Amino acid sequence: MIRTSFPGSFIKQSPPALSGYEVEHWLRITVRDPKKAGSIYETGVTHGANLARGLEFRLANEPVYYQQALARDVHNAKEKALAIARALGLPLYDLPVELKEEPASPPTPYSQTAVAAFSKAPPIQTQDVAICASVKAIFAYSFIS
């Protein structure tokens, strides 16, 4: 993804005059080995990058883990409903009356970071990647035994 020039500031005069422009190039780079991220980052700085935005760690096969988290959340919802039914002494209908997937929040990238010149590859602190799923489950209890 590359984003190119956009206008800079205008000088207030009639007609308005453009006093300059800024150029930004945005690149998305996928690194399969996180240990190489620092040297790749250094290469960008060496070749003129002075601002880094949105450094994020993601899983290559994220949908598989999301499906597992979703299934676990559905199972947990049923277990909680069973615990409530037992506490009330009521039988629980096996299937939920309503089951809805709640929107997942996107991963949070690292904050915008100014890049300093490094004599060697800057250390890149990896982070844990959390895959979250959430469901809303409504179960019915039988009041007639």
Side-chain angles (χ1 to χ4, degrees), residues 1-10 12 16 18-145:
M1 171 172 56
I2 297 176
R3 180 176 165 201
T4 56
S5 63
F6 57 92
S9 59
F10 286 91
K12 292 189 179 212
L18 182 64
S19 65
Y21 67 94
E22 295 179 17
V23 176
E24 287 186 7
H25 297 280
W26 293 13
L27 303 173
R28 179 176 299 236
I29 300 171
T30 301
V31 179
R32 304 262 182 242
D33 181 359
K35 293 176 187 167
K36 294 181 181 179
S39 63
I40 292 169
Y41 195 85
E42 178 189 23
T43 300
V45 171
T46 301
H47 290 88
N50 58 9
L51 193 64
R53 298 181 190 177
L55 178 63
E56 64 184 34
F57 293 91
R58 301 191 71 138
L59 298 174
N61 51 354
E62 196 170 294
V64 171
Y65 294 106
Y66 181 76
Q67 294 298 324
Q68 291 173 0
L70 196 58
R72 190 172 34 251
D73 204 39
V74 169
H75 176 76
N76 289 343
K78 184 170 183 181
E79 290 297 314
K80 289 176 184 179
L82 280 169
I84 293 169
R86 285 186 200 113
L88 296 173
L90 297 172
L92 178 73
Y93 288 108
D94 198 37
L95 296 174
V97 174
E98 182 180 339
L99 183 62
K100 186 168 74 172
E101 180 181 6
E102 297 289 307
S105 58
T108 306
Y110 284 168
S111 61
Q112 180 173 321
T113 308
V115 178
F118 290 94
S119 60
K120 60 180 184 167
I124 301 294
Q125 178 88 24
T126 58
Q127 66 184 34
D128 291 334
V129 177
I131 304 296
C132 301
S134 180
V135 296
K136 177 181 178 181
I138 299 173
F139 286 88
Y141 302 95
S142 174
F143 292 100
I144 302 172
S145 4

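Bear in mind that the values here come from a model prediction, so they are computed numbers and not experimental data. One-based numbering along the sequence shown.
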Name all residues meeting the side chain to side chain donor-acceptor pair (under 3.5 Å) criterion together with Glu101; count only those two or more places apart in sequence or in a different chain, and write none if there are none.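 So Glu101 forms a side chain to side chain donor-acceptor pair (under 3.5 Å) with Tyr66.
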Qualifying residues under side chain to side chain donor-acceptor pair (under 3.5 Å), relative to Tyr141, sequence neighbours excluded: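 Partners of Tyr141 by the side chain to side chain donor-acceptor pair (under 3.5 Å) criterion come out as none, since no residue qualifies.
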How long is the span from the CD atom in Glu102 to the NZ atom in Lys136, to the nearest 0.5 Å?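 If we round to the nearest 0.5 Å, Glu102:CD and Lys136:NZ are 6.5 Å apart.
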With sequence neighbours excluded, residues passing side chain to side chain contact (heavy atoms under 4.5 Å, CB included) with [X]:
| X | answer |
| --- | --- |
| Ile40 | Ile29, Val31, Lys36 |
| Ala71 | none |
| Gln67 | Leu70 |

Determine the minimum heavy-atom distance between [X] and [Y], stating which atoms define it.
| X | Y | value |
| --- | --- | --- |
| Ala69 | Ala133 | C-CB, 3.7 Å |
| Leu99 | Pro96 | CB-CG, 4.2 Å |
| Phe139 | Leu92 | CB-CD1, 3.6 Å |
| Ala140 | Val97 | CB-CG2, 3.6 Å |

Which residue pairs satisfy the side-chain hydrogen bond (donor to acceptor under 3.5 Å, both in side chains) criterion with at least one member in residues 71-86, sequence neighbours excluded?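 Passing the test, one end in residues 71-86: Lys78-Asp94.
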